[in-house]
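Convention: sequence-line order gives letters A, B, ...; per-chain numbering from 1. Given the structure is predicted, the values throughout are model-derived calculations rather than measurements.
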Amino acid sequence: MKKLIQPKDESRLAGALLVWYDRHHRDLPWRISPPMAKKGVKPDPYHIWLSEVMLQQTTVQAVKPYFQKFLARWPKVTDLAAAPSEDVMAAWAGLGYYARARNLKKCAEAVATEHGGVFPDSEEGLRALPGIGDYTAAAVAAIAFNRQAAVMDGNVERVISRLYAIADPLPGSKPQMKAKVAALTPADRPGDFAQAMMDLGATICTPKRPACSLCPFRDDCLALSAHDPELFPVKAAKKAKPVRLGAAFVAVDGMNRILLRRRPDKGLLGGMTEVPTTEWTARIDGDDTEASAPFTAAWQAKGVVTHVFTHFELRLSVFFVENVKGFANSHHEWWEPIANLEEQALPTVMKKAIVAAIPEAFTPAR
DNA sequence: AAACCGTGGAT
DNA sequence: TATCCAAGGTT
């Protein structure tokens, strides 16, 4: 009986990919490369988990220095569990998506107190921890514990959508693609298979101008045989970013200290440090002027800082005043020596605002 | 389930 | 300059 659809030889595809990976894998600080694995070196689940959380929606290049810094400061997950939250937030500052840092801390505490300092070795056990979703649970299970878990991230979505020429748009086509990944994932070396799929997506099956001639799947790829891999994956259209306006107030007292405060734990930049600001709204009125300053002073306009967040663009009017008399407002506010700014949990947008008012704020003192 | 949640590099 | 998007998760 003739089949209407010719199924691919899944084991042959996985084998071809692993051969490619043995030769062309990337060397990464958190990775046990195939030659080391052959010598019996095992991945450290703490390292794999830490890297996976940092890599969520974040480039390898951006993660590398943060990964090294965290590992040097907190060598074991129990060290991270015992660390003050403020230290963790400050160390994460600049990486973005700060809920990840809050959940990282919660997860480390859960592993330390509920699992005896040892990560669960199953996808289900990992999935129950804070900050670990479908992707990360599968990735840690496969990479750290050699579990046959179907790992699907943005890279894998691109590879699979092209290999099978999936015309349905993301994110609706995710279950369909996950089933394809599960069918492809081998019992032998599932961790390397997952990393190989992601390396392939990152280096060969790229969003633009993929290097199809170098791809181990070149003879099986339906998108390539249809002559346009760049058409995949199909995605739903995204919405335009609205603009929000606000003002930020950089106040310095007579002792070279700057007025800072802590943002609420939830929401945008949750738990991070900021200079006093107004609300950020779409309104064009007096809210972006010195009239809405935290206290009356000779505020000087220092221009407008633009910063693009995930779902809106912010235009912050920056105001500056110096030699003000220091005062205690609430327990959410404090005066911090400018020399200590580097150690604060300041998100990038706040560093921009401070630099607009004090250009040398982050230059090391001579 | 759609909205929310950062940042910087590549094109 | 504008757009995309990178090892996604939570609510």
Side-chain angles (χ1 to χ4, degrees), chain A residues 25-26 28-31 43 47-67 89 92-104 106-107 126-144 149-159 170-172 174-175 178 181 191-203 205-210 230 233 235-242 244 263-272 274 280 306-314 345-352:
Chain A
H25 64 85
R26 291 178 290 176
L28 301 171
W30 45 85
R31 169 176 291 176
H47 296 191
I48 301 302
W49 162 75
L50 179 60
S51 68
E52 288 301 344
V53 174
M54 287 183 167
L55 286 162
Q56 289 166 6
Q57 296 289 287
T58 308
T59 57
V60 165
Q61 181 182 337
V63 165
K64 278 181 180 174
Y66 284 86
F67 176 79
M89 299 308 289
W92 194 277
L95 247 199
Y97 284 136
Y98 298 99
R100 291 186 296 170
R102 287 177 262 139
N103 286 329
L104 188 82
K106 285 185 198 163
C107 184
L126 290 159
R127 181 66 178 79
L129 291 166
I132 298 187
D134 289 340
Y135 162 76
T136 305
V140 175
I143 299 170
V151 176
M152 194 172 70
D153 73 325
N155 289 303
V156 179
E157 286 173 358
R158 190 166 53 254
V159 172
L170 283 168
K174 256 187 163 178
K178 177 110 175 191
V181 179
D192 279 350
F193 175 82
Q195 296 179 89
M197 287 287 279
M198 295 190 279
D199 277 21
L200 188 70
T203 64
C205 195
T206 48
K208 302 294 178 190
R209 299 171 58 93
E230 280 190 24
K235 294 187 176 182
K238 40 191 73 167
K239 298 191 292 189
K241 283 182 184 177
R244 294 188 196 174
R263 293 177 62 87
D265 282 330
K266 296 196 181 298
L268 186 71
L269 307 177
M272 299 296 284
E274 67 175 4
W280 305 341
T306 295
H307 190 78
V308 180
F309 290 98
T310 307
H311 56 292
F312 66 93
E313 174 185 324
L314 175 66
L346 288 165
T348 298
V349 61
M350 290 302 154
K351 288 191 174 182
K352 285 187 188 175

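Here A/H311 does not reach the OP1 or OP2 of B/dA3: none of its side-chain N or O atoms lies under 4.0 Å away. OP1 or OP2 of C/dA7 has not a single side-chain nitrogen or oxygen of A/T58 nearer than 4.0 Å. For C/dT10, neither phosphate oxygen OP1 nor OP2 lies less than 4.0 angstrom from any side-chain nitrogen or oxygen of A/R100. The phosphate of C/dA6 has neither OP1 nor OP2 within less than 4.0 Å of any side-chain N or O from A/Q57. Contact annotation: A/H307 side-chain N/O to B/dT7 OP1/OP2 distance is under 4.0 Å. Between A/Y98 and B/dT7 there is a side-chain N or O to OP1 or OP2 distance below 4.0 Å.
When rounded to the nearest whole Å, the span between CG of A/L170 and P of C/dG8 equals 13 Å. Rounded to a whole Å, the CG atom of A/D134 is 18 Å from the P atom of C/dA7. Look at CH2 on A/W49: it is 15 Å from C1' on C/dG8, rounded to the nearest Å. Between the NZ atom of A/K174 and the P atom of B/dA2 there is a distance of 13 Å, given to the nearest Å. Here the C1' atom of nucleotide C/dT10 and the CG atom of A/D265 are 15 Å apart, to the nearest Å. Protein atom NZ of A/K266 is 13 Å distant from nucleotide atom C1' of B/dC4, rounded to whole Å. For A/N103 and C/dT10, the CG to C1' distance is 8 Å, given to the nearest whole Å. Counting to the nearest Å, the C1' atom of C/dT10 and the CG atom of A/L129 are 15 Å from each other.
Residue A/T136 is classed as a sugar-phosphate contact, given heavy-atom separations below 4.0 Å to backbone atoms only. Within the nucleic acid shown, A/V349 comes within 4.0 Å of sugar-phosphate atoms alone, with no base atom in reach, counting heavy atoms only. Residue-level contact check: A/W92 touches neither bases nor backbone, having no heavy atom under 4.0 Å from any strand. Nucleic acid contact class of A/I48 (heavy atoms, under 4.0 Å, all strands): none. When heavy atoms are screened at a 4.0 angstrom cut-off, A/G94 is found touching the sugar-phosphate backbone but no base atom.
Side-chain atoms of A/E52 and A/Y135 include a donor-acceptor pair closer than 3.5 Å.
Checking C/dC4, B/dG6, B/dT7 against the side-chain heavy atoms of A/K238 singles out C/dC4 as nearest. The side chain of A/K235 sits closest to C/dC5 out of C/dA7, B/dG8, C/dC5. Distances from the side chain of A/K239 to the nucleotides C/dT10, B/dC4, B/dA3 place B/dA3 closest. Of all nucleotides listed (C/dC4, B/dG6, C/dA7), C/dA7 comes nearest to the side chain of A/R158.
Note: A/Q195 CD to A/L28 CG = 8.0 Å, rounded to the nearest 0.5 Å.
Mapping A/I132 and A/L55 onto DNA chain C via the closest heavy atom, the residue that lands nearer the 5' end is A/L55. Along DNA chain C, the nucleotide nearest A/V60 and the nucleotide nearest A/R127 are compared for position; the residue whose nucleotide lies closer to the 5' end is A/V60.
The pair A/R263-A/E274 meets the salt-bridge criterion, with a side-chain N (NZ, NE, NH1 or NH2) lying under 4.0 Å from an Asp/Glu carboxylate O. The existence of a salt bridge linking A/D199 and A/R31 is confirmed by a sub-4.0 Å separation between a basic side-chain nitrogen and an acidic carboxylate oxygen.
Shown here is A/K174, whose NZ atom has no more than 12 heavy atoms of other residues, nucleotides or ligands within 6.0 Å.
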>> Would A/Y97 and A/N103 count as a side chain to side chain contact (heavy atoms under 4.5 Å, CB included) here? Give the steps.
In response: CA-CA 11 Å; A/Y97 284 136; A/N103 286 329; over 6 Å; no
>> Set out, in order, the CA-CA distance, both residues' side-chain angles and the distance that settles side chain to side chain contact (heavy atoms under 4.5 Å, CB included) for A/W92 and A/L104, then state yes or no.
In response: CA-CA 10 Å; A/W92 194 277; A/L104 188 82; 3.8 Å; yes
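Using P as the reference atom, B/dT11 and C/dA7 are 14 Å apart when rounded to the nearest Å. Atom name P, nucleotides C/dG9 and B/dG8: the rounded distance is 22 Å, in whole Å.
Residue A/T59 places no side-chain atom within donor-acceptor reach of the base of B/dG8, judged by atom type and a 3.5 Å distance cut-off alone.
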